[in-house]
Participant: 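One structure, as structure tokens, below. Some questions next.
Each residue takes its place number in the sequence, starting with 1. Atoms considered below: every heavy atom in the structure, side chains included; atoms not considered: hydrogens, waters and symmetry mates. Just so you know, ligand 1 is whichever comes first in the structure, and atom 1 is the first atom listed for that ligand.
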Amino acid sequence: MNNTAQYDVVSIRNDFPILDRKIFGKPLVYLDNGASTQRPVQVINAVKDLYEHNYSNVHRGVHTLSQESTNLYDDARVAVRGFINAACVHEVIFTKGTTDAINLVAQSYARPRLKKGDEILITHMEHHSNIVPWQMVCEQTGAELKVVPISDKGELDMDRFAELLSEKTKLVSVVHVSNALGTVNPVKEIVDASHAIGVPVLVDGAQAVSHIPVDVQKLDADFYAFSGHKIYGPTGVGVLYGKEKLLNEMPPYQGGGDMILSVSFEKTEYNALPYKFEAGTPNIAGVVGLGAAINYVQKIGLGTIAAHEHGLLVYATSKLQEIDGLRIIGEADQKAGLISFVLDAVHPHDIGTMLDAEGVALRAGHHCAQPVMDRYKVPATARASFAMYNTFSEIDVLAAAIVKTIGMFS
Ligand code: C6P
């Protein structure tokens, strides 16, 4: 057992009603936060309050409810701006999530610019959401996808990155924190090297924003994408941050209501940022819930959360390393709070099922990162991913459940 000083995990846990659940009569140990975190009452209540008291469509009505909904929706954008330190609110585009945000950039930024001979540079540790949209745009334009390899430890080969980055590169798209390995990538170094030859960079922050303080201006990223549901907010909502200049140059991704100033059959005039990229009635409750989630995280402080999760990572790594027949996949020097592992004797899916019987929820599978599985020659891994509400005693339960599983299969 261990404890991070001055971190009141008990009172944080009290904010998350689902953590009281029992699974097969055992206390829930929720370690599937990389897939989706749980929500505190502050988020649940923000959504409930909206529906009970203020709900109507946004940006469309002069009546009181529409104005109240619009204000709450706009407040959430202000909260996101502050959270990532965007230069202005209209650099914050609400999307369905990280996947939607990356597809927006692929189709609206990359597709009109790319031609045969051009290249998009990604890495071997990308989630499918940061691979497939670029494959699609390459198919559409004749451009080529280049991939930075990774080492056995799960770190980017930065020498190869430097070699692959060239005047042919039209965009670099890189994950901030790998969902399959936990690696924290040197994104600032990547941005600086890319900018030195005029190449813009998209950072996939899906697994980063709830674990690492992100300042998009300091990072100087051109685009930064993340999802609400991985930062204690609702599903179906996310954010694309983009630099104003680039967003202004990009055509709308989808057409419809709210993204126009005027429409006639002869000529349609598009709305200004951010509405140009938010066609149709948005996920109003999702956005309001996301705003509440961000306020909640900021109240506790990402630095404090990161320190607690780092303590969990160090403790869990040492506990798991003690287990015979367990191999950790991803041993980068810089890691966020997740551990992927395989067992000699047990398939990851069986690990998932056996651990569930002990109340431990973790993800088993390829984590939508099949190239990573191929790189380490494993069909899948089991993955324990930590959040602000996890405890050191939950790590003990995890380790004991793994040992029990090995015993049953040998
Ligand atoms: N990873 C996981 O269990 P969406 O589905 O759009 O909210 O996020 C996609 C995504 C993009 N990039 C990274 C690094 C991610 O981890 C994810 C989602 C989940 O690892 C579900 S597959």
Participant: Please evaluate residues Asp32 and Arg383 with respect to the criterion salt bridge (Lys or Arg N to Asp or Glu O under 4.0 Å), reporting the C-alpha separation (whole Å), side-chain torsions for both, the decisive distance (0.1 Å), and the verdict.
Facilitator: CA-CA 8 Å; Asp32 196 16; Arg383 182 189 69 184; 3.7 Å; yes

Participant: Could you note down all residue pairs passing side chain to side chain donor-acceptor pair (under 3.5 Å) where residues 246-260 supplies at least one of them, sequence neighbours left out?
Facilitator: His59-Asp258, Arg113-Glu249, Lys245-Glu249

Participant: Could a heavy atom of Val175 be found less than 4.0 Å from some atom of ligand 1?
Facilitator: yes

Participant: Among all the protein's non-hydrogen atoms, which is closest to atom 16 (O) of ligand 1, and how far away is it?
Facilitator: Gln207 NE2, 2.7 Å

Participant: Between Ala35 and ligand 1, which part of the residue brings a heavy atom under 4.0 Å of the ligand: side chain, backbone, both or neither?
Facilitator: both

Participant: Side chains of Ile329 and Phe341: does their closest heavy-atom pair fall under 4.5 Å?
Facilitator: no

Participant: Does a salt bridge link Asp118 with Lys168, judged by any charged N lying under 4.0 Å from a carboxylate O?
Facilitator: no

Participant: What residue and heavy atom of the protein are closest to atom 15 (C) of ligand 1, and at what distance?
Facilitator: His127 CD2, 3.4 Å

Participant: Under 3.5 Å, is there a donor on one side chain and an acceptor on the other for His90 and Glu244?
Facilitator: yes

Participant: Specify whether Phe83 and Phe226 have parallel, tilted or perpendicular ring planes, treating 30° as the upper limit for parallel and 60° as the lower limit for perpendicular.
Facilitator: perpendicular

Participant: Would you indicate which of Val237, Leu338, Asn179, Asp204 comes nearest to atom 20 (O) of ligand 1 when only heavy atoms are counted?
Facilitator: Asn179

Participant: Compute the ring centroids of His127 and His366, then answer whether they are less than 6.0 Å apart.
Facilitator: no

Participant: Going by atom types only, do Ser66 and Ser56 share a side-chain donor-acceptor pair under 3.5 Å?
Facilitator: no

Participant: Considering only heavy atoms, which of Lys96, Arg363, Met125 lies nearest to atom 21 (C) of ligand 1?
Facilitator: Arg363

Participant: Within ligand 1, which atoms have a heavy atom of Cys368 less than 4.0 Å away?
Facilitator: 22 (S)

Participant: Which residue from Asn103, Thr235, Thr99 reaches closest to atom 5 (O) of ligand 1 through any of its heavy atoms?
Facilitator: Thr99

Participant: Do Ser129 and ligand 1 have an N or O pair less than 3.5 Å apart?
Facilitator: no

Participant: Can you list the ligand 1 atoms lying under 4.0 Å from a non-hydrogen atom of Ser227?
Facilitator: 4 (P), 6 (O), 7 (O), 8 (O)

Participant: With a 4.0 Å cut-off on N to O distance, would you call Lys404 and Glu358 a salt bridge?
Facilitator: yes

Participant: At the 4.0 Å heavy-atom cut-off, does Arg383 count as touching ligand 1?
Facilitator: yes

Participant: Would you please determine whether Lys230 falls within less than 4.0 Å of ligand 1 on a heavy-atom basis?
Facilitator: yes

Participant: Could you tell me whether some N/O pair between His367 and ligand 1 is separated by less than 3.5 angstrom?
Facilitator: no

Participant: Please confirm whether His229 approaches ligand 1 to less than 4.0 Å, judged on its heavy atoms.
Facilitator: yes

